[in-house]
> 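Before anything else, here's the structure in question.
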Amino acid sequence: MKWSNAFIPTRKEVPREAQSPSHRFLLRAGMIKPLSSGIYTYLPLGWKVLMKIQNIIRREMDRIGAQELLMPALTPASIWEETGRWEEYGDEMFRLTDRRNSDMALAPTHEEVITAILRDEIKSYRDLPQVWYQIQVKYRDEKRPRGAVLRARTFIMKDSYSFDRDREGLEISFLKHAEAYTRIFSSCGLKTTVVEALSGLMGGSKSKEFMVASDSGEDRIVECLHCGYASNIEVADPLPSKVAFKGGDLKKVHTPVSGSVKEIAKFFNVKPSQLMKSILYIREKEPIWIVIRGDYDIDEEKLQGIFTDIRIASEEEVCELVGAQAGYVSPMGSKYLVYSDFSIRGIVGLISGANEDYYHFMGIAPERDIKIKDYLDIREYREGDLCPQCSTPLEWKNVIELGHIYKLGTKYSKAMGAFYLDEDGKEKPIVMGSYGIGVERIMASAIEQFHDEKGIIWPLQIAPYHIIIINLNPTNPEGVALSEDLYKLLNREYEILYDDRDLRSGYKFNDADLIGIPLQIIIGNRGLKRGIIEIKIRGTEERMEVPPEKIKEEIDRLWKSMQKIRLEKY
RNA sequence: CGGGGCGUAGCGCAGCCUGGUUAGCGCGCCUGGUUCGGGACCAGGAGGUCGGUGGUUCAAAUCCACUCGCCCCGACCA
């Protein structure tokens with residue numbers, strides 16, 4: 001493609017709201033154009049990348065025997081009513097009515113549609129297993145679209161669905177997908193981590209997510225570098241960090257400072273973890289104590305989940321019920337029920353309020369000194385927490401969710417009547433799995449992982465073009481002839497963008513760096529005088545000078561070695 | 001849904017607080033010329049319902065009310 005004929009509207013500036021690298025560069029490189037909140041057009045350069053990603057997906061899905069089809073995006077309410085998701089999906093579903101006033105929805109996902117096909121067509125165990133997939137635009141009225149294509153209201157999803165006779169079959173389909181996904185993401189040049197995840201609205205049992213590390217990611221995961229445990233923080237169950245203090249007798253100490261954890265720890269010259277935070281809550285009008293280690297905070301959501309009707313006691317209530325200000329109280333000698341977070345279990349030598357203003361106890365051994373009704377997991381997880389499998393400190397990462405695979409089981413087949421007859425003549429529900437990939441998220445993640453201050457550095461496999469030929473002097477006949485020849489020669493084997501525009505060199509260099517084509521061939525008067533052409537590798541910024549007749553050879557060599565480096569990397 | 005911010009030329013922004021001629025600047029665009037290896041320079045030019053509606057006023061981009069849209073943070077969701 002000659003750039004002079006191409007539509008690649010690059011920009012020097014973008015709105016200051018565009019924060020993340022992928023958001024900024026997608027706009028600046030002329031790859032996407034916003035139409036409305038969370039709704040984007042993919043311009044030619046962006047679409048080329050997305051097509052390449054889709055083709056990698058197709059190749060790997062086909063490899064596991066999946067069959068591509070295409071379902072409608074516009075769907076009748078009736079199928080959603082069958083599974084109850086017409087209600088469940090709430091405001092996130094785009095809804096409309098047709099001219100006969102029938103309720104319709106733009107599909108946010110396709111379990112219902114595919115199950116409607118399944119129940120009519122698959123009647124025998126002989127027809128199973130099956131895997132069907134599509135690459136299609138999904139519609140979700142997100143509360144808050146963000147990061148350009150990272151969370152959009154219309155987006156391209158590869159969704160596949162597996163149908164099996166039983167759980168064992170599902171297990172195989174699930175594993176096949178997991179393998180295909182790993183290959184897809186690594187083929188796109190991305191390193192992913194597979195984590196345990198929440199299945200939420202999809203239903204079904206365990207699900208796994210494929211995550212790529214990025215500061216712009218909306219999810220957080222924890223990962224154990226020792227045993228390989230990895231989980232979305234939403235379903236993780238890390239252990240509190242370990243502490244040990246010297247035990248001893250209970251001692252009341254005058255503490256003439258404010259009762260905050262920070263101040264008290266400073267006063268005793270100990271770490272916050274040696275304190276026991278004692279907080280009075282009102283549960284169904286009854287006061288109860290919640291205790292937690294001083295370096296942790298209580299996760300109010302977890303608390304709500306356990307006790308339902310619970311709120312923190314006001315300052316006045318604490319004074320009235322305990323007889324001291326909030327910073328100087330504890331369950332020591334108190335008649336109210338005490339619940340403790342696991343972070344307190346088994347430790348001694350703690351400090352907490354003495355239930356008298358400006359006094360604290362030290363040397364508290366909760367199991368000796370307090371009647372604890374129950375231990376609960378109510379702490380807010382934090383960095384430093386330990387692996388639940390091997391007690392190694394966990395790594396915390398921000399990530400982008402690229403793929404999510406679910407074992408649906410029989411939720412949809414039972415609700416919508418998708419049954420088959422088994423060998424024994426018995427009617428059984430088809431066991432389903434559902435598997436999604438966010439296509440644009442792969443593109444955005446690649447930019448997040450591979451860019452510098454100048455622009456994008458595309459992984460070879462999804463780069464919109466392989467090589468950009470930059471002719472710096474479109475007015476010099478010698479340079480033009482050479483550029484045209486090279487373009488024709490290389491275009492047979494490579495995808496070439498030929499920058500033949502009559503612009504200043506700086507402009508063209510910056511554009512080339514911005515759009516991130518892996519190899520740059522630079523033809524200019526300076527080189528021509530010396531009989532050489534320059535090749536620059538985008539990313540490493542490595543440059544080499546090659547005589548024109550050796551260019552093809554050198555490009556072939558470079559391309560092969562760059563492919564190899566990519567393979568070795570992941 | 002809560003909090004914050006923004007809407008002025010294709011893009012990025014100033015002007016608004018303290019109302020007052022033809023509403024500015026940079027980039028981009030068009031014409032001519034000089035330049036030509038990291039986003040040039042000179043000269044000329046085109047391009048604006050100041051998001052919308054209503055109000056206050058002799059006078060509104062500027063003040064007030066309502067409204068629409070967009071962005072960021074959080075909550076929510078996956």
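As a basis for the values below, the full set of heavy atoms in this structure was taken, side chains included, without hydrogen atoms, waters or symmetry mates. Lettering follows sequence order; numbering is per chain, from 1.
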> What integer distance in Å separates A:Glu218:CD from B:A78:C1'?
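Checked: the CD to C1' distance equals 9 Å.
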> Please report, rounded to the nearest Å, how far the C1' atom of B:G2 is from the NZ atom of A:Lys143.
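Value for this atom pair: 12 Å.
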> Which residues satisfy the salt bridge (Lys or Arg N to Asp or Glu O under 4.0 Å) test with A:Lys158, sequence neighbours excluded?
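Scan of A:Lys158 (salt bridge (Lys or Arg N to Asp or Glu O under 4.0 Å), adjacent residues dropped) gives none.
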> Testing the basics here: between A:Met104 and A:Leu74, what is the closest heavy-atom pair and its distance to 0.1 Å?
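What the structure gives for the nearest pair is CE-CG, 3.8 Å.
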> What residue pairs, at least two apart or across chains, pass ring pair (Phe, Tyr, Trp, His ring centres under 6.0 Å) with a residue in residues 18-37 of chain A?
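Output for this query lists A:Phe25-A:His451.
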> Nearest-Å distance, CG (A:Asp511) to P (B:G37)?
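Distance, rounded to whole Å: 17 Å.
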> Would you please name every residue forming a ring pair (Phe, Tyr, Trp, His ring centres under 6.0 Å) with A:Tyr296, sequence neighbours left out?
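Expected list: none.
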> With a 4.0 Å heavy-atom cut-off, tell me which residues in residues 144-154 of chain A come close to RNA chain B, sorted by residue number.
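Heavy-atom contacts with RNA chain B come from A:Arg144, A:Pro145, A:Arg146, A:Gly147, A:Arg151.
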> Between protein and nucleotides 25-36 of chain B, map the contacts as a letter string: B base, S sugar-phosphate only, - none, heavy atoms under 4.0 Å, written 5' to 3'.
-B--------BS
> If we take the C1' atom in both B:G12 and B:G52, what is their distance in whole Å?
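24 Å, rounded to whole Å.
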> Can you tell me if the side-chain N/O atoms of A:Ser36 get under 4.0 Å from OP1 or OP2 in B:C70?
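Answer is yes, contact under 4.0 Å.
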> On a whole-Å scale, what distance lies between the C1' atoms belonging to B:U67 and B:A9?
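Their C1' atoms lie roughly 25 Å apart.
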> Under the salt bridge (Lys or Arg N to Asp or Glu O under 4.0 Å) test, which residues partner A:Asp485, sequence neighbours left out?
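Once residues adjacent in sequence are excluded, A:Asp485 has no partner under the salt bridge (Lys or Arg N to Asp or Glu O under 4.0 Å) criterion.
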> For B:C25, give the paired nucleotide (Watson-Crick: N1-N3 plus N6-O4 or O6-N4; G-U: N1-O2 and O6-N3; both under 3.5 Å), or none.
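Per the H-bond distance test, B:G12.
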